[in-house]
Amino acid sequence: MEISNTLIVWYEKNKRDLPWRNCNDPYKIWLSEIILQQTRVQQGLPYYLKFVEQYPTILDLANADEQEILTMWQGLGYYSRARNMHATARYISFELNGYFPTKYSDIRALKGVGDYTAAAISSFAYGSPYPVIDGNVYRLISRLFNISLPVNKPSGQKEVKAAVESIFDGNRAAQWNQAIMEFGSLHCTPKKPKCETCVLQTKCISYSKNTVSNRPVKEGKIKVTTVNHSYFVFRYKDHTYIEKRIQGIWKNLYQFPLIEENLPENEVISKCKNLLTSNLTTELVKTFESTHLLSHRKIKAIFYTINLNTKPLFLKRDIFEIDLEQLGNLYPTSVLILKYLNQ
DNA sequence: TAGGCGTGGGT
DNA sequence: TACCCAAGCCT
């Protein structure tokens with residue numbers, strides 16, 4: 001209880017003014033939590049404001065096209081969040097008559113809602129006594145209790161959860177949850193935590209044992225593999241030609257026709273010509289190169305421009321014609337392709 | 001359960 | 001530069 005008081009006093013004095021706080025609308029709380037998954041407040045905030053303006057109610061979101069929602073989401077990453085969010089909006093609007101679920105178990109069962117998000121919505125919208133455990137909490141708790149088990153493995157997660165429950169105050173769950181995340185985010189930071197001015201310093205076992213810089217422990221590294229992307233930008237008048245991605249990364253976003261194999265340039269050009277029904281007499285011009293970094297992949301991208309005098313016919317039926325300016329506006333696309341369009 | 005899934009900021 | 005990390009979830 002003493003730790004809870006300390007955290008909450010700190011929070012009331014230091015909290016940021018954010019639009020989804022002091023709000024009981026489960027729709028807006030849910031929306032903010034989906035946007036903020038693995039996303040910094042600074043990056044997610046403009047998207048939240050945009051979504052609330054465009055879709056004031058969950059029914060507005062449910063009635064929107066997925067393509068429009070993905071365009072709104074463009075640039076935020078982890079696009080499955082947007083697809084799941086749309087599916088959940090339709091489920092709540094049309095199966096639950098627009099009533100957002102109130103029970104933790106029902107909230108937890110929604111698409112795109114895991115343990116963290118269910119606890120956040122339950123506490124912030126309804127005051128239900130479920131502690132949030134996000135990256136901030138893993139870090140803060142592993143320091144406070146000097147937990148040496150890896151927090152990205154079930155063993156460490158179990159220990160953190162038990163520690164959280166030992167200090168959680170369910171009678172003020174919403175405030176408590178906001179407080180511990182805000183404190184972790186602003187004070188008990190990953191690098192250079194502000195231990196010298198920390199209100200929990202005397203309670204922090206890692207501080208007394210000088211292990212703060214080694215907490216939290218994480219095991220295993222993500223290996224980043226390098227892949228090649230060759231994009232073909234066919235131009236005919238103001239038109240260009242795109243296709244929809246149907247699986248994997250950037251699913252349901254649009255792109256220029258793409259060859260992913262790592263081939264020598266002459267074979268890439270040969271593959272490009274095979275996309276068309278007729279012989280290609282125009283040459284390909286390499287107009288842009290970029291290395292695009294993902295969390296788990298390094299994409300070495302090359303963009304070739306092909307300026308045509310006649311309308312092209314494609315063997316692949318799913319390649320279709322648009323105005324170039326529609327890509328990134330009417331047709332959502334990746335930041336990699338936005339970089340090309342903006343250069 | 002380990003890997004897939006984005007992007008941008010910080011060091 | 002290369003790496004870590006961010007209000008995680010899904011399969």
Side-chain angles (χ1 to χ4, degrees), chain A residues 11 15-16 18-21 28-48 70 73-85 87-88 107-124 130-140 150-157 174 176-186 188-193 213-227 245 247-253 290-299 332-339:
Chain A
Y11 172 68
K15 66 179 174 185
R16 292 167 287 185
L18 298 171
W20 47 82
R21 288 180 174 161
K28 290 180 181 173
I29 290 168
W30 164 70
L31 178 60
S32 73
E33 292 300 338
I34 301 300
I35 287 173
L36 290 171
Q37 286 169 3
Q38 291 287 281
T39 303
R40 286 186 169 78
V41 167
Q42 192 172 355
Q43 189 188 3
L45 180 55
Y47 285 84
Y48 172 81
L70 286 172
W73 199 272
Q74 181 174 269
L76 197 52
Y78 287 145
Y79 297 90
S80 66
R81 291 183 292 171
R83 300 191 302 266
N84 287 332
M85 185 177 78
T88 292
I107 295 170
R108 177 64 180 80
L110 299 171
K111 274 188 186 176
V113 175
D115 289 344
Y116 162 76
T117 304
I121 296 170
S122 295
S123 61
F124 299 151
Y130 295 91
V132 293
I133 305 180
D134 73 332
N136 293 308
V137 177
Y138 278 120
R139 183 175 57 255
L140 169 58
V151 300
N152 58 345
K153 302 285 178 185
S155 59
Q157 287 165 351
W176 195 96
N177 282 338
Q178 293 282 12
I180 192 166
M181 287 195 289
E182 190 80 335
F183 186 76
S185 175
L186 299 181
C188 193
T189 48
K191 308 287 181 190
K192 298 184 180 178
S213 62
N214 299 320
R215 300 287 180 273
V217 173
K218 293 188 180 177
E219 257 182 18
K221 285 182 185 172
I222 302 167
K223 51 181 172 185
V224 177
T225 56
T226 300
V227 296
R245 291 187 68 92
Q247 61 178 5
I249 191 169
W250 299 317
K251 180 181 171 184
N252 292 1
L253 274 62
S290 178
T291 299
H292 191 71
L293 298 172
L294 308 175
S295 54
H296 60 301
R297 208 171 295 175
K298 178 191 278 193
I299 299 173
T333 193
S334 64
V335 167
L336 170 57
I337 287 178
L338 290 176
K339 280 193 283 189

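Note: hydrogens, waters and symmetry copies are ignored here, and every other heavy atom, side chains too, is used. Proteins come first, then strands; the chains are lettered A, B, ... in the order of their sequence lines, and each starts at number 1.
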Heavy atoms only, 4.0 Å cut-off, all strands: where does Lys251(A) land among base, sugar-phosphate and nothing? nothing

Is there a side-chain polar atom (N or O) of Thr39(A) under 4.0 Å from OP1 or OP2 of dT7(B)? no

5' priority, DNA chain C, between Arg108(A) and Arg16(A) [closest heavy atom]: Arg16(A)

Report yes if at least one side-chain N or O of Ser185(A) is closer than 4.0 Å to OP1 or OP2 of dA7(C); otherwise report no. yes

Nucleotide nearest Tyr78(A) when distance is taken to its side chain, options dA7(C), dG4(B), dG6(B): dG6(B)

For Ile35(A) and dT7(B), give me the distance from atom CD1 to atom C1', rounded to whole Å. 15 Å

Base, sugar-phosphate alone, or nothing: which one does Thr117(A) contact when heavy atoms must sit under 4.0 Å apart? sugar-phosphate

Would you mind reading off the distance between Ile107(A) atom CD1 and dA7(C) atom P, rounded to a whole angstrom? 22 Å

Which value, in whole Å, describes the distance between the C1' atoms of nucleotides dG3(B) and dA7(C)? 22 Å

Side chain to side chain contact (heavy atoms under 4.5 Å, CB included) evaluation trace for Phe183(A) with Asn136(A): CA-CA 8 Å; Phe183(A) 186 76; Asn136(A) 293 308; over 6 Å; no

Glu33(A)/Lys28(A) ion pair, N-O < 4.0 Å: no

Answer yes or no: side-chain N or O of Ser295(A) and base N or O of dG6(B) forming a donor-acceptor pair under 3.5 Å. yes

Starting from P on dG10(B), measure out to CZ on Arg40(A) and report it in whole angstrom. 7 Å

With DNA chain B as reference, determine whether Lys192(A) or Gln247(A) sits nearer its 5' end, using the nearest nucleotide of each. Gln247(A)

Let me know the distance between OH of Tyr79(A) and P of dG8(C), rounded to the nearest Å. 18 Å

Ring center gap for Tyr48(A) and Trp20(A) short of 6.0 angstrom: yes

In whole angstroms, the gap separating P of dG3(B) from NE2 of His296(A) amounts to 12 Å

If you measure from the C1' atom in dT1(B) to the same atom in dC10(C), how many Å do you get, rounded? 12 Å

Side-chain N,O (Lys191(A)) to OP1/OP2 (dG9(B)) below 4.0 Å: no

Expressed in whole Å, how much space separates the P atoms belonging to dG6(B) and dT11(C)? 14 Å

Have a look at Val137(A) and say if it touches a base, only the backbone sugar-phosphate, or nothing, with a 4.0 Å heavy-atom cut-off. nothing

Out of dG6(B), dA6(C), dA7(C), which nucleotide sits closest to the side chain of Arg81(A)? dG6(B)

Go through the steps for Arg16(A) and Val41(A) under the test side chain to side chain contact (heavy atoms under 4.5 Å, CB included), then give the verdict. CA-CA 10 Å; Arg16(A) 292 167 287 185; Val41(A) 167; 4.0 Å; yes

Have a look at Asp115(A) and say if it touches a base, only the backbone sugar-phosphate, or nothing, with a 4.0 Å heavy-atom cut-off. sugar-phosphate

Describe the nucleic acid contact of Gly75(A) in one word from base, sugar-phosphate, nothing, applying a heavy-atom distance below 4.0 Å. sugar-phosphate

Around atom NZ of Lys339(A), are there more than 12 heavy atoms from other residues, nucleotides or ligands closer than 6.0 Å? yes

The side chain of Ile249(A) lies closest to which of these nucleotides: dA7(C), dC5(B), dT7(B)? dC5(B)

Looking for any heavy atom pair under 4.0 Å, which part of the strands does Gly44(A) touch: base, sugar-phosphate only, or nothing? nothing

Between Arg83(A) and Asn152(A), just flag the one whose closest nucleotide in DNA chain B comes earlier from the 5' side. Asn152(A)

Before giving the answer on side chain to side chain contact (heavy atoms under 4.5 Å, CB included), spell out for Arg81(A) and Trp73(A) the whole-Å C-alpha distance, their side-chain angles and the decisive distance to 0.1 Å. CA-CA 9 Å; Arg81(A) 291 183 292 171; Trp73(A) 199 272; 3.4 Å; yes

N/O (side chain, His292(A)) to phosphate O (OP1/OP2, dG6(B)) under 4.0 Å: no

Between P on dC10(C) and CD on Gln37(A), what's the gap in Å once rounded to a whole number? 8 Å

Would you say that more than 12 heavy atoms from the other residues, nucleotides or ligands in this model lie under 6.0 Å from the NZ of Lys111(A), or not? no

Categorize Ile222(A) for me: base, sugar-phosphate, or nothing, with a 4.0 angstrom heavy-atom threshold over every strand shown. nothing

Quick one: is dT7(B) close enough that its OP1 or OP2 comes under 4.0 Å of any side-chain N or O from Trp250(A)? yes

Once you apply a heavy-atom cut-off of 4.0 Å, does Trp73(A) come out as touching a base, just sugar-phosphate, or nothing? nothing

Ignoring the backbone of Lys218(A), work out which of dA6(C), dA7(C), dG6(B) is nearest its side chain. dA6(C)

Taken to the nearest whole Å, CD/Glu219(A) to P/dC5(C) is 14 Å

Counting just side-chain N and O atoms, does Gln38(A) come under 4.0 Å of either OP1 or OP2 of dA6(C)? no

Rounded to whole Å, please give me the gap between CE in Met85(A) and P in dC9(C). 15 Å

